[in-house]
Amino acid sequence: MSWFTNFLLSSIGQKLIMSLTGLFLIVFLAVHLTGNLQLLYNDNGEAFNTYAYFMTSNLFIKITSIGLYTGILLHAIQGILIWRRNVAARGTGYKVKKASDASFSSRNMGWLGVIIAIFLALHLYQFWAKMHFGTMEMINYHGYDYAVKDLYSVVDHIYSNPVYVIIYVISMIVVGLHLWHGFQSAFQSLGLNHKKYTPLIKGLGMIYTIVVTLGFAIIPIYMYLN
Amino acid sequence: MKLTLKIWRQTNANDKGSFETYNLDNISTDMSFLEMLDVLNEQLVTEKKFPVSFEHDCREGICGACSMVINGQPHGPMKGTTTCQLHMRSFNDGDTIVIEPFRSRAFPVIRDLVVDRSAFDRIIQAGGYISVNTGQAQDGNAIPIEKDTALAAFDSATCIGCGACVAACPNASAMLFTSAKVSHLAKLPQGEVESTKRVLGMVNQMDQEGFGKCSNTGACEAECPKEISIENIALMNREYLKASISSDKMG
């Protein structure tokens with residue numbers, strides 16, 4: 001085996017992949033949230049629909065999105081591989097498990113990931129697949145010389161169902177728990193642990209997690225109530 | 001004090017093993033945990049039963065032999081101590097105490113509470129040393145080392161290789177042990193010379209032994225009797241990344 005595959009297959013290399021893909025997805029979530037907050041404008045979906053049109057037609061975004069799909073897959077596959085190995089490494093389990101000093105989210109990253117994957121399948125089916133492959137009403141806003149797909153109405157329709165609102169809010173809490181450990185853990189895996197900067201990273205991670213979780217959770221609640 | 005003990009009994013590596021319940025009376029709160037087990041074993045011998053096998057050596061917290069999980073915690077409930085430093089005053093009259101061996105595929109049970117931790121020895125053999133000529137001892141001050149550096153290296157070097165990190169880790173990972181051994185040498189000029197070869201060799205051996213992969217839960221540093229910090233793991237991650245990129249070894 002070459003040194004490179006050796007490195008990638010080592011436990012530290014595998015963690016590096018988890019860390020880098022995780023950080024990439026963290027950046028993505030911030031961008032995704034910023035875009036989606038346009039759903040809160042009361043403008044008949046103009047801001048959001050024209051933004052959605054841009055996100056699906058711009059060449060640079062199209063290329064980046066391939067990176068995003070790869071990132072999600074790598075993070076998920078690598079996560080499953082690590083998880084399987086870790087379960088095998090324990091062998092016989094303990095009879096008594098003390099409520100560990102390790103946080104709830106750090107001990108359950110695998111399960112949280114599985115729930116996120118299931119949520120993601122639903123989420124992609126409801127919006128992403130519909131936007132890319134489905135048919136949608138076209139809408140022409142004043143001042144634009146082209147018509148755009150009315151994704152806003154699709155979102156509005158789904159969030160008028162309280163069942164979906166609850167599913168989305170719970171899923172966001174799960175994402176939040178995953179991020180609670182994931183954010184700071186990504187830096188530790190990269191070897192960044194420093195007396196000066198680690199407390200900053202941890203604080204930033206908490207703020208980021210709270211903002212992202214609340215930000216995403218507010219959208220379905222707000223749209224349902226309106 | 002009166003105690004009920006639930007102890008894992010297993011005659012050899014191939015035996016399935018199970019928990020046995022024992023009742024003990026007249027245990028003094030001044031006894032150490034291992035002395036309590038000694039009392040149990042004397043009682044078992046008089047009853048013509050096999051005593052419980054457990055490892056112990058120095059009984060002063062520096063050898064790391066007394067590996068067992070007490071009520072779900074390696075080395076029991078006291079922070080920063082080994083089982084031999086744990087005293088019965090940490091328990092209450094009438095308590096039920098569950099004692100299990102360290103659980104890891106890489107630490108097979110030999111008998112009862114005794115596990116085979118030679119995987120750690122093989123990790124050390126894969127690079128946890130420095131190459132020096134034998135002969136007369138060197139002058140202690142021949143290589144000047146800054147006080148803070150010496151202290152940092154010593155903090156890592158206090159690892160006694162007991163395996164509590166593996167036992168406590170939800171993933172049965174040996175990253176804290178391996179990183180402490182990598183760090184205490186990497187922090188000193190004597191160890192820096194072979195640091196590339198060392199970290200590559202030791203991490204490779206650690207993976208081959210079948211330990212799990214670190215997910216930064218921090219359970220290891222919370223249970224470590226020597227309170228080794230996971231900063232060592234970050235340092236090893238850095239060292240490994242650096243070594244993988246800079247080493248001229250192709251395979």
Side-chain angles (χ1 to χ4, degrees), chain A residues 1-19 78-79 81-110 113 181-195 197-198 201, chain B residues 6 8 17 19 69-73 77 98 100-101 103-109 166-175 199-200 203-204 206-207 210-223 229-242 244-245 247 249-251:
Chain A
M1 256 190 307
S2 85
W3 68 271
F4 191 65
T5 47
N6 252 339
F7 170 70
L8 289 183
L9 293 174
S10 75
S11 48
I12 294 173
Q14 282 190 311
K15 292 302 300 178
L16 188 85
I17 294 172
M18 283 310 272
S19 157
Q78 195 72 259
L81 288 178
I82 292 174
W83 195 11
R84 278 188 53 188
R85 160 86 180 231
N86 287 349
V87 171
R90 166 96 318 137
T92 316
Y94 290 110
K95 184 184 169 79
V96 179
K97 278 188 196 148
K98 187 219 156 204
S100 163
D101 296 287
S103 68
F104 170 82
S105 42
S106 75
R107 283 179 284 122
N108 294 290
M109 289 301 271
H181 176 67
F183 191 99
Q184 47 107 353
S185 177
F187 291 91
Q188 166 82 2
S189 288
L190 287 175
L192 296 166
N193 187 324
H194 193 281
K195 288 212 163 49
Y197 309 114
T198 300
I201 290 170
Chain B
K6 286 199 165 102
W8 181 260
F19 282 95
V69 173
I70 302 160
N71 287 342
Q73 282 184 284
V98 181
E100 303 172 73
R103 296 292 192 192
S104 161
R105 193 59 47 96
F107 288 167
V109 172
V166 176
C169 176
N171 314 323
S173 167
M175 287 280 274
V199 72
L200 293 177
V203 169
N204 182 35
M206 177 185 79
D207 285 346
F211 290 107
K213 292 167 197 294
C214 176
S215 59
N216 308 325
T217 67
C220 53
E221 68 173 0
E223 291 297 344
S229 158
I230 57 169
E231 279 173 31
N232 288 288
I233 297 180
L235 190 143
M236 179 165 76
N237 290 344
R238 282 201 299 278
E239 282 276 315
Y240 188 76
L241 187 59
K242 203 169 71 184
S244 292
I245 294 168
S247 154
K249 261 183 77 183
M250 293 305 290

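In what follows, every chain begins at residue 1, and chains take the letters A, B, ... in the order their sequences are listed. Worth saying up front: this structure is predicted, and the values here are computed from it rather than measured.
Across all non-hydrogen atoms, the minimal contact from A:Gln188 to B:Ile230 is NE2-O, 2.9 Å. Contact detail for B:Met175 and A:Ile12: the closest heavy-atom pair is CE-CG1, 3.9 Å. Pairing each heavy atom of A:Arg90 with each of B:Ala172, the nearest pair is NH2-CB, 3.4 Å. Nearest heavy atoms, A:Ala89 versus B:Gly212: CB-N, 3.3 Å. Considering all non-hydrogen atoms of both residues, B:Val203 and A:Ser11 come closest at CG1-OG, 4.4 Å. The two residues A:Ser185 and B:Asn216 make their nearest non-hydrogen contact at OG-ND2, 2.6 Å.
Heavy atoms closer than 4.5 Å to chain B are found in the side chain of A:Gln14, but not in its backbone. For B:Phe19, the part sitting under 4.5 Å from any heavy atom of chain A is the side chain, from C-beta outward, and nothing else. Interface remark: A:Ser189 contributes backbone and side-chain atoms alike to the contact with chain B (heavy atom separation under 4.5 Å). Neither the backbone nor the side chain of B:Leu200 comes within contact range of chain A; no heavy atoms are under 4.5 Å apart. Of the atoms belonging to B:Pro101, it is backbone heavy atoms, and not side-chain ones, that fall under 4.5 Å from chain A. Only the side chain of A:Lys15 comes within contact range of chain B, with at least one heavy atom under 4.5 Å from a heavy atom of that chain. Heavy atoms of B:Glu239 lying under 4.5 Å from chain A are absent altogether. With a 4.5 Å cut-off on non-hydrogen atoms, B:Cys220 does not touch chain A at all. When heavy atoms are compared at a cutoff of 4.5 Å, B:Glu100 approaches chain A solely by way of its side chain, counted from C-beta outward. Using a 4.5 Å cut-off between heavy atoms, B:Met236 touches chain A through backbone and side chain atoms alike.
Within the 4.5 Å cutoff, the side chain of B:Asn171 has no heavy atoms near those of the A:Arg85 side chain. Taking the side chain as every heavy atom from C-beta outward, B:Ser247 and A:Trp3 never approach each other to under 4.5 Å.
Rounding to the nearest 0.5 angstrom, the gap separating the CG atom in B:Asn204 from the CZ atom in A:Phe7 is 13.5 Å. To the nearest 0.5 angstrom, B:Ser215 atom OG is 9.5 Å from A:Met18 atom CE. Remark: A:Thr92 OG1 to B:Trp8 CH2 distance equals 6.5 Å, nearest 0.5 Å. Rounding to the nearest 0.5 Å places CG of A:Asn6 at 8.0 Å from OG of B:Ser244.
Using a distance-only test at 3.5 Å, with no hydrogens or angles considered, no donor-acceptor pair links the side chain of A:Arg107 to the main chain of B:Thr217. Here the side chain of B:Arg105 pairs no donor or acceptor atom with the backbone of A:Val87 at under 3.5 angstrom. Between the side chain of B:Arg103 and the main chain of A:Tyr94, no donor-acceptor pair closer than 3.5 Å is present. B:Asn71 contributes no side-chain N or O that, together with a main-chain N or O of A:Val96, makes up a donor-acceptor pair within less than 3.5 Å.
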